[in-house]
Engineer: 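Pasting in a structure now, in structure tokens, and then I'll have a few things to ask.
Below, each value reflects all heavy atoms present in this structure, side chains not excepted, and no hydrogens, waters or symmetry copies. Protein chains get the first letters and strands the later ones, always in sequence-line order, with residue 1 at the start of each.
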Amino acid sequence: MADYREAPLATRPKTLDPNEYFNLSPHFRRAEEERAALRANLKRQYQLQLNNPHRKELIEDPALTRWVYARTNPYPHFRPTNKTSLLGLLFGVVPLFVLYFTFKTDRDNREEQIKAGTLERKFKLAY
Amino acid sequence: MAGVVGFQRWVRALTRARVAGMPALLSASRAASGPSKGMLPGPYPNTPEERAAAAKKYNMRVEDYEPHPDNGEGFGDYPKLPDRSQHERDPWYSWDHPDLRRNWGEPMHWNFDMFIRNRVDTSPTVVPWHTACKHLFGFIGFMLFMFYVGEQFPAYQAVGPKQYPYNNLYLERGGDPDKQPEEVKNYEI
């Protein structure tokens with residue numbers, strides 16, 4: 001497998017990563033072993049719960065809980081900085097005014113045209 | 001943040017001992033049914049001990065753990081994982097959740113729901129990205145330019161006004177049948 005060339009739409013799988021074979025530095029190997037140990041521990045916990053014949057409930061995934069909690073509770077960690085204030089303005093305040101003025105001017109022009117009788121009322125299929 | 005704490009104190013002062021219903025949602029005490037406070041995401045870690053504790057909490061190595069930069073955007077201590085879609089993961093490995101290509105307990109990317117296999121795909125493209133962009137926008141730009149040129153210099157078969165027989169349809173156009181119409185010649189010899 002030394003001459004493996006990945007298919008155009010795929011990234012190289014971990015098992016064929018050249019680092020796995022040629023990077024013999026103990027530092028890298030120890031890092032990989034630690035990661036594998038963490039992964040194996042998680043796998044073991046999951047398999048124990050999965051194959052437990054007395055289990056009646058769903059297996060709860062703490063990583064999922066943490067992810068959901070992090071995504072739904074950003075507010076305690078929010079701080080108004082230049083960037084966040086600018087983004088807040090751009091997405092929250094500016095569209096309000098821009099859209100209001102755009103729609104107002106457009107509708108006013110339309111009303112004027114209707115009153116003047118210049119609006120072309122074509123047959124519209126959609127509405 | 002300070003406003004929320006002040007509100008909580010006011011609510012607690014009003015409801016005193018028993019917290020039930022709506023005030024329970026705003027009180028600072030939570031039910032014991034979920035994970036403990038230490039297992040949930042917290043604020044940005046500043047000291048090395050906090051970093052190590054956060055790495056342990058998220059089941060990552062201390063060297064691998066890298067929190068999002070602390071710029072007040074609401075990430076807290078959640079780890080910054082590489083922006084790789086689930087498309088890129090090995091399809092043949094026996095994942096715990098094969099459709100998500102994820103193992104139980106593995107730290108999830110902040111935008112995990114964007115990187116699932118129905119959505120954004122970050123796998124390498126067949127041709128390099130800039131080449132693909134150049135080809136596509138070059139083609140579209142060229143076609144637009146040529147259509148514009150075609151609008152400016154139209155080229156079609158020459159046509160003239162339609163010619164009708166019988167003296168330009170004298171009788172059909174309501175001409176007097178008794179009167180002799182003037183001769184109309186639509187040709188030249």
Engineer: Linking I/L/V/M/F/W/Y whenever any side-chain heavy atoms sit under 4.5 Å apart, do B/Val184 and B/Tyr187 land together?
Structural biologist: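 No, B/Val184 and B/Tyr187 fall in different hydrophobic clusters.
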
Engineer: Please verify the inter-ring angle class for A/Trp67 with B/Phe112; under 30° counts as parallel, over 60° as perpendicular, anything in between as tilted.
Structural biologist: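 Rings of A/Trp67 and B/Phe112: perpendicular, over 60°.
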
Engineer: Do A/Arg79 and B/Asp70 have side chains that get closer than 4.5 Å, going by heavy atoms?
Structural biologist: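 Yes. Closest side-chain heavy atoms under 4.5 Å.
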
Engineer: Under a single-linkage definition using a 4.5 Å side-chain heavy-atom cutoff for Ile, Leu, Val, Met, Phe, Trp and Tyr, are A/Leu90 and A/Leu99 assigned to the same hydrophobic cluster?
Structural biologist: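 A/Leu90 does not cluster with A/Leu99.
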
Engineer: Counting heavy-atom pairs under 4.5 Å with chain A, which one of B/Glu63, B/Met108, B/Arg61 comes out on top?
Structural biologist: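 That would be B/Arg61.
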
Engineer: Which pair of non-hydrogen atoms, one from A/Leu38 and one from B/Met60, has the smallest distance, and what is that distance?
Structural biologist: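 Looks like CD1-C, 3.8 Å.
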
Engineer: Heavy-atom distances under 4.5 Å only: say whether B/His109 touches chain A with side chain, backbone, both or neither.
Structural biologist: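 When you check distances to chain A, only backbone atoms of B/His109 fall under 4.5 Å.
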
Engineer: Does a sphere of radius 6.0 Å around NZ in A/Lys124 hold more than 12 heavy atoms from other residues, nucleotides or ligands, not counting ones at 6.0 Å or beyond?
Structural biologist: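 Yes, enclosed.
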
Engineer: For A/Leu58, is the CG atom crowded, meaning more than 12 foreign heavy atoms sit under 6.0 Å from it?
Structural biologist: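 Counting other residues, nucleotides and ligands, CG of A/Leu58 stays at 12 neighbours or fewer.
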
Engineer: So for atom CD, which belongs to B/Gln152, do other residues, nucleotides or ligands contribute more than 12 heavy atoms lying within a distance under 6.0 Å?
Structural biologist: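 Check passes, neighbour count above 12.
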
Engineer: Within this structure, what is the OG1-CG distance for the pair A/Thr65 and B/Leu40, rounded to the nearest 0.5 Å?
Structural biologist: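 With rounding to 0.5 Å, OG1 (A/Thr65) is 8.0 Å from CG (B/Leu40).
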
Engineer: Identify which part of B/Asp121 has an atom lying under 4.5 Å from any heavy atom of chain A, answering side chain, backbone, both or neither.
Structural biologist: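 Answer is neither: B/Asp121 stays 4.5 Å or more from chain A.
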
Engineer: Name the region of A/Ala37, side chain, backbone, both or neither, that has any atom closer than 4.5 Å to a heavy atom of chain B.
Structural biologist: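 A/Ala37 has no heavy atom closer than 4.5 Å to chain B.
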
Engineer: More than 12 non-hydrogen atoms from neighbouring residues, nucleotides or ligands closer than 6.0 Å to CG on B/Asp99, yes or no?
Structural biologist: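 Yes, CG of B/Asp99 has more than 12 neighbouring heavy atoms, counting only those of other groups under 6.0 Å.
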
Engineer: Could you look at A/Leu50 and say if it's the side chain, the backbone, both or neither that has a heavy atom under 4.5 Å from chain B?
Structural biologist: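 Interface part for A/Leu50: neither.
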
Engineer: Applying the 4.5 Å side-chain criterion to the ILVMFWY set and letting contacts propagate, would B/Leu100 and B/Val120 be lumped into a single cluster?
Structural biologist: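 Result: no, two separate clusters.
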
Engineer: Please examine the side chains of B/Glu73 and A/Thr81, heavy atoms only from C-beta on, and report whether any two atoms are closer than 4.5 Å.
Structural biologist: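 Sidechains of B/Glu73 and A/Thr81: no contact.
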
Engineer: For B/Tyr166, does the OH atom sit with more than 12 other heavy atoms under 6.0 Å from it, leaving out its own atoms?
Structural biologist: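 For B/Tyr166, atom OH is not crowded (no more than 12 foreign heavy atoms under 6.0 Å).
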
Engineer: Nearest 0.5 Å, please: how far is NE2 in A/His77 from CG in B/Asn71?
Structural biologist: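 Answer for the CG-NE2 pair, B/Asn71 versus A/His77, is 13.0 Å.
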
Engineer: Please report the shortest heavy-atom distance between A/Leu42 and B/Gly105, naming the atom on each side.
Structural biologist: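 What the structure gives for the nearest pair is CD1-O, 3.5 Å.
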
Engineer: What is the minimum heavy-atom distance between A/Tyr69 and B/Pro41, and which atoms define it?
Structural biologist: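 Closest heavy-atom pair between A/Tyr69 and B/Pro41: CD2-CD, 3.4 Å.
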
Engineer: Applying the 4.5 Å side-chain criterion to the ILVMFWY set and letting contacts propagate, would B/Phe142 and B/Val149 be lumped into a single cluster?
Structural biologist: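 In one cluster: yes.
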
Engineer: CD of B/Glu172: more than 12 outside heavy atoms within 6.0 angstrom?
Structural biologist: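 For B/Glu172, atom CD is crowded (more than 12 foreign heavy atoms under 6.0 Å).
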
Engineer: Where is the tightest heavy-atom contact between B/Tyr78 and A/Ala70, given as atom of each residue plus distance?
Structural biologist: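 Taking every non-hydrogen atom into account, CD1-CB, 3.5 Å.
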
Engineer: Go through the steps to decide whether A/Glu34 and B/Asp64 satisfy the test side chain to side chain contact (heavy atoms under 4.5 Å, CB included), and finish with yes or no.
Structural biologist: CA-CA 11 Å; A/Glu34 281 177 24; B/Asp64 289 341; over 6 Å; no

Engineer: Ion pair present between B/Asp77 and A/Arg66, side-chain N to carboxylate O less than 4.0 angstrom?
Structural biologist: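 Salt bridge flag = no for A/Arg66 with B/Asp77.
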
Engineer: Given B/Trp104, which of A/Gln47, A/Gln49, A/Lys43 fulfils the side-chain contact (heavy atoms from CB on, under 4.5 Å) condition?
Structural biologist: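 Only one option passes, and that is A/Gln49.
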
Engineer: Could you tell me which non-hydrogen atom of B/His97 sits nearest to which non-hydrogen atom of A/Tyr46, and how far apart they are?
Structural biologist: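 So the two residues come closest at CE1-OH, 4.0 Å.
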
Engineer: Using the rule that Ile, Leu, Val, Met, Phe, Trp and Tyr join whenever any side-chain heavy atoms are under 4.5 Å apart, tell me whether A/Val93 and A/Phe91 fall into a single cluster.
Structural biologist: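 Per the 4.5 Å side-chain linkage, A/Val93 and A/Phe91 are not co-clustered.
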
Engineer: Find the distance between CG (B/Asn59) and CG (A/Asn41) and round it off to the nearest 0.5 Å.
Structural biologist: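 It is 7.5 Å, given to the nearest 0.5 Å.
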
Engineer: Do you know which two heavy atoms are closest between B/Glu106 and A/Ala63, and how far apart they sit?
Structural biologist: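 In this case the closest contact between B/Glu106 and A/Ala63 is O-CB, 3.4 Å.
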
Engineer: Could you tell me which portion of B/Trp110 (side chain, backbone, both or neither) has an atom closer than 4.5 angstrom to a non-hydrogen atom of chain A?
Structural biologist: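 Both parts, backbone and side chain.
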
